[in-house]
Structure formats: structure tokens, C-alpha cells
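In what follows, a single structure is set out as C-alpha cells and then discussed.
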Amino acid sequence: MTIPVKPPTDAPRYIRLNEADNVAIIVNAFGMPAGTKFPGGLTLREFVPQGHKVALTDIAKDAAIIRYGEVIGYAIVALPAGSWVEEARVRMPAPPSLDGLELATRTPPKLPPLDGYTFEGFRNKDGSVGTKNILAISTSVQCVAGTLDIALKRIKDELLPNYPNVDDVVAVTHVYGCGVAIDAPLSEIPIRTLQNIARHPNYGGEVMIVSLGCEKLQPERLLPGGKDSTSIMRLQDETLTSFGAMIDLIMRMADDRLKLLNARQRETCPASDLVVGMQCGGSDAFSGVTANPALGFASDLLVRAGATVMFSEVTEVRDAIHLLTPRAVNEQVARELIREMKWYDDYLEKGGVDRSANTSPGNKKGGLNNIVEKALGSSAKSGSSAIAGVLSPGERVRDKGLIFAATPASDFVCGTLQLAAGMNVHIFTTGRGTPYGLSSVPVIKVATRNELAQRWADLIDINAGTIATGEATIEDVGWDVFRFILDVASGKKKTCTDKWGLYNALALFNPAPIT
Ligand code: CA
């Protein structure tokens with residue numbers, strides 16, 4: 001997709017999001033110097049970098065700093081109008097209490113249906129729809145990964161060219177499987193993640209598992225219903241008398257499945273068959289102004305079209321939970337949201353930290369003072385629909401509509417868990433910039449700023465920075481995102497990561513003990 005970007009304008013410009021806000025963020029590239037006068041009469045008292053906040057009124061010491069109409073912190077020193085509201089001058093508020101939250105008190109009314117949108121997907125026997133046609137080779141333990149790497153290279157070089165209708169062959173490798181407390185209650189998270197990835201819609205139901213033989217996670221546990229042990233090979237099998245024999249068997253099993261996958265055909269599917277996973281990485285102060293609200297608009301369009309759309313990243317919604325529980329479709333779903341927040345609060349507390357450990361040096365350089373401000377921007381991805389369901393980490397999605405899939409915010413762990421949930425398109429917003437990609441699903445990357453979209457024109461699919469400069473509206477970019485999702489899901493357009501073959505490893509979430 002072409003990235004329309006006008007040359008930067010020198011006219012001073014800031015963005016205030018809510019009438020209650022007493023701060024705004026500077027739009028101009030590279031920031032603005034002391035003495036800069038804005039059309040409204042405000043004068044900067046000092047240099048303020050791009051994306052960072054300026055005080056719009058005199059803010060007294062200990063007074064609330066308000067952005068998104070919410071308290072994002074308290075002034076450590078008096079901040080006269082025109083001051084830079086930098087991190088060292090802001091005290092972070094406590095997170096909202098999980099007791100006494102409103103439960104489904106303001107459930108948004110159902111939005112009008114959006115009919116007639118379709119994409120060309122690979123329909124599976126279980127009703128799910130693939131957006132790519134991939135042979136996935138699952139593994140039960142890390143011990144087999146080196147062997148599988150060698151086999152994979154030969155499969156790609158010698159077999160894949162014979163099957164032009166198959167997009168790729170991927171190895172689902174990980175560090176789980178042995179040396180772990182396999183029966184610990186929390187081990188269900190990595191195990192169900194691997195089980196659900198094995199039946200991902202883009203793998204067409206053609207399961208193949210490479211195992212060692214003696215590991216704690218026995219490969220049968222990864223078999224989806226209806227599959228038998230012919231889908232499993234064990235390197236320790238006594239009939240395999242050499243390394244070469246192991247590679248030959250993996251290649252024969254792969255060849256059988258490639259033949260079947262090659263016969264898959266795309267067919268017209270309603271947009272309601274989409275399962276879109278949304279997340280952000282390398283966020284900045286523009287994330288909550290441009291890219292995430294545009295995703296929120298696209299998310300509402302997807303919900304109106306009957307699709308499933310997931311938002312995630314517990315530590316990035318924790319400080320906005322008081323805005324989310326009222327939007328639940330019923331009290332049960334609101335309680336499930338609280339359950340996932342509580343679980344994560346306890347998990348972090350055991351590690352001696354809290355949700356404030358989330359923010360990175362890059363987030364702060366991009367103007368985000370703390371996790372409260374980051375969370376208010378991150379949760380804008382959820383749009384305005386009712387929250388229809390909640391998933392615990394590693395679960396497969398069951399409902400249509402807007403779903404909160406509880407995951408860590410770590411890009412690779414979140415992506416892996418959304419993959420297990422069954423997402424067939426991934427959409428990722430970034431302000432600082434990351435070349436993140438996954439091989440199993442198309443990953444659409446949306447930039448929050450024009451400067452990033454220009455610098456990384458061959459890595460960014462959609463530029464939402466035009467919202468900050470007034471060249472486009474949230475609705476314009478939201479529709480661009482929605483239409484691009486349909487084209488990418490159909491295989492008609494390729495994402496930048498797919499053009500380059502630029503892929504990160506999967507990363508399991510394992511909160512259970514390792515032995
Ligand atoms: Ca993330």
C-alpha cells in the first residue's frame with residue numbers, strides 16, 4: 001500500500017483529545033522550541049519534544065494532570081502553562097481498584113450491521129477459515145528443534161516448489177516440553193497454547209508432530225480430536241537407525257501433507273469469518289491519538305460485519321479497566337475481565353513488580369509518562385462496541401464480536417497467544433517502530449506518525465500519522481485498515497513482512513515452574 005505523506009508543516013500544532021484535558025501533545029516533527037506561539041495563544045516556556053505534553057493551563061503542585069479526560073498523574077512541581085510535562089515532573093496514580101467496578105452498566109447498543117463484505121479464504125472442515133495455506137510441523141519438546149531445522153530447510157528447498165498452492169512450511173518450535181512441572185496447575189497455559197496452535201485455521205487441519213519420545217509433554221496431548229498417532233513421529237523410534245533416517249521420515253510425512261494442502265482452494269467467505277488479533281508494540285504518545293483509535297474504528301466495522309476481533313495485553317488495559325467493565329455485554333463478562341486483571345496483578349506481585357514495569361525507555365522517549373497514559377492510549381484499540389467475551393491465555397476463541405483475550409503485552413508472547421486463539425489476521429500498531437512479523441498469519445503494521453511511515457516505507461503497511469497532521473480522519477484510516485484486512489486475508493495484497501519473509505519466533509507464556 002502506498003503511504004501518502006505531505007511534507008511536514010512548520011506551523012506549530014498540538015493535539016488536545018478531551019475538553020477536560022489540561023495537557024496536549026506536540027505534533028511537529030522534532031518538537032518545538034521555547035517561545036513558540038500557538039494559534040490559541042499558548043506560548044512554550046521551554047523546548048518540548050514531538051509527542052511530549054505541554055501544560056495548557058497553570059497546573060499547581062500536586063494537582064491532577066488530565067489526558068483522555070482521565071487522571072494520568074499528579075504534578076510533582078508547579079507546571080505553569082507552556083511547561084514541558086516531562087516524566088520526572090509527574091507522579092503516577094494508583095491503578096483503579098478491582099472492587100466496586102461497574103458491571104455491564106453501560107453496555108453499548110448493538111451497532112447497525114455491515115453487510116456485503118467478503119474475502120477469499122480457505123474454508124476448513126471445522127468451519128474455521130484460513131487466510132494462508134501453510135504446512136505447520138508441531139513439536140512436543142525443544143530437543144527436536146535442531147533436527148527439524150535441518151529437515152525444514154530440505155522441505156523448503158526440495159518439496160515446497162512442487163506444491164505452488166502452498167504458501168509456506170513452518171516449524172512450531174518452543175522451549176517447553178521437558179524439564180518442566182508438567183502437572184502444575186499453571187502448566188495448562190503453555191500446553192493448551194500448543195494444542196490450539198496445532199489446529200490453527202491456516203494449517204488446514206493437516207497435523208504433523210515431531211517428538212523425541214521420552215519427554216514429559218507426550219505428543220498425543222497435542223493431537224486435535226479426530227487425528228491418530230500416524231500424525232506423530234518420534235526421533236527415538238527404534239526403527240530409525242540413523243540421523244538420515246529421521247530426516248527422511250520427516251520429509252515423507254511432510255510430502256504426504258503438502259499434497260493434501262496443495263488441493264485447498266480459496267472460496268468467497270463472509271467478513272464474519274475473520275478473526276482479527278490487535279496489539280501494539282513500541283508505542284508512543286501518538287499511539288492513542290492516531291493508530292489505536294483508527295484500529296478502534298476498524299474494530300467496530302469488523303464487529304458490525306459479524307467478525308471476531310480481539311484486543312489483549314493485560315498490563316496495557318489494567319489502568320483503563322474502570323472504562324471497560326461497564327462496556328461488557330453482561331455482568332458475567334465484566335467479572336471475567338476483573339478475574340483476568342486480578343490474576344495478572346497477583347502474577348506480577350509474586351515477581352516483586354506491578355504493571356508499571358511495562359513501560360520501556362522508548363515509550364518514555366516517545367512522550368508516554370507512565371503506564372496509566374500508555375493504557376488509556378492502548379485501550380483505544382477496543383473501539384466502542386460491547387465487550388462480548390473474555391479468553392484466558394492460550395484459549396481458543398468461542399464468540400463473535402469484540403473479545404478481550406488476556407495475554408502479556410510482550411509482542412511475541414501476545415502474538416503467540418492470539419495465534420492460539422485462532423486469529424487469521426494480525427494487526428499491529430507502532431510509534432517507535434519495530435519490524436515485527438509472524439510467519440503463520442499476515443501481520444499488518446500501522447504507524448502512528450508520518451516520520452516513521454516515511455523512514456520505514458518498506459516496513460509499514462498503513463500510515464495513521466496523517467490523523468495527527470489533519471490530512472485524514474480516524475474514520476478514513478479506519479476504513480483503510482478494514483479494506484486492507486479483507487485484501488490481505490484474500491491473498492490479493494501482501495503485507496510488508498510477507499514481502500520480505502520477515503518473521504519472529506513464537507514465544508510461549510509459561511508461568512508454571514521449571515524443574
Ligand atoms: Ca505488545
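With sequence neighbours excluded, the residues satisfying side-chain contact (heavy atoms from CB on, under 4.5 Å) with T268 are T118, E120. The ring-ring contact (aromatic ring centres under 6.0 Å, His included) search around F311 returns F404, not counting sequence neighbours. Taking the side-chain contact (heavy atoms from CB on, under 4.5 Å) definition, one finds that D115 meets it with P113, sequence neighbours left out. Judged as a ring-ring contact (aromatic ring centres under 6.0 Å, His included), and not counting sequence neighbours, F243 has no contacts. With sequence neighbours excluded, no residue forms a salt bridge (Lys or Arg N to Asp or Glu O under 4.0 Å) with R483. Residues meeting the ring-ring contact (aromatic ring centres under 6.0 Å, His included) test with F428, sequence neighbours left out: Y436. In terms of the side-chain contact (heavy atoms from CB on, under 4.5 Å) criterion, residue partners of P393 (sequence neighbours excluded) are, by chain and number, I189, R192, E340, A406, L417, F509. Residues meeting the ring-ring contact (aromatic ring centres under 6.0 Å, His included) test with Y503, sequence neighbours left out: none.
For the 3.5 Å distance criterion, the side chains of N363 and S283 fail to qualify, holding no donor opposite an acceptor. A donor and an acceptor atom, one from each side chain of T193 and Y176, are nowhere located under 3.5 Å apart.
The distance from atom CG of N202 to atom CG of D167, rounded to the nearest 0.5 Å, is 8.5 Å. In this structure, OG in S379 is found 13.0 Å from CZ in R318, a value given to the nearest 0.5 Å. The OG1 atom of T139 sits 7.0 Å away from the CG atom of L194 when rounded to the nearest 0.5 Å.
A side chain to side chain donor-acceptor pair (under 3.5 Å) with D284 is found for exactly one of T448, T290, T430, namely T448.
Sorted by first and then second residue, the side-chain hydrogen bond (donor to acceptor under 3.5 Å, both in side chains) pairs with a member in residues 217-227 read E220-R234; sequence neighbours excluded. Applying the salt bridge (charged side-chain N to carboxylate O under 4.0 Å, His left out) definition to pairs two or more places apart or across chains, none involves residues 237-253. For residues 412-438, no pair satisfies salt bridge (charged side-chain N to carboxylate O under 4.0 Å, His left out), with sequence neighbours left out. Each ring pair (Phe, Tyr, Trp, His ring centres under 6.0 Å) pair with one or both residues in residues 111-165, not counting sequence neighbours, appears once here: Y117-F482.
Between D300 and R304 there is no salt bridge, since none of the side-chain N atoms of the basic residue sits less than 4.0 Å from a carboxylate O of the acidic one. A salt bridge does not link K374 to D319: none of the charged side-chain nitrogens sits closer than 4.0 Å to a carboxylate oxygen.
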inquiry  = Run the side chain to side chain contact (heavy atoms under 4.5 Å, CB included) test on M310 and V276 for me, step by step, so that the C-alpha distance in whole Å, both residues' side-chain angles and the decisive distance to 0.1 Å come before the verdict.
reply    = CA-CA 6 Å; M310 296 181 282; V276 176; over 6 Å; no
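Using cut-offs of 30° and 60° on the angle between ring planes, the pair Y347 and Y344 is perpendicular.
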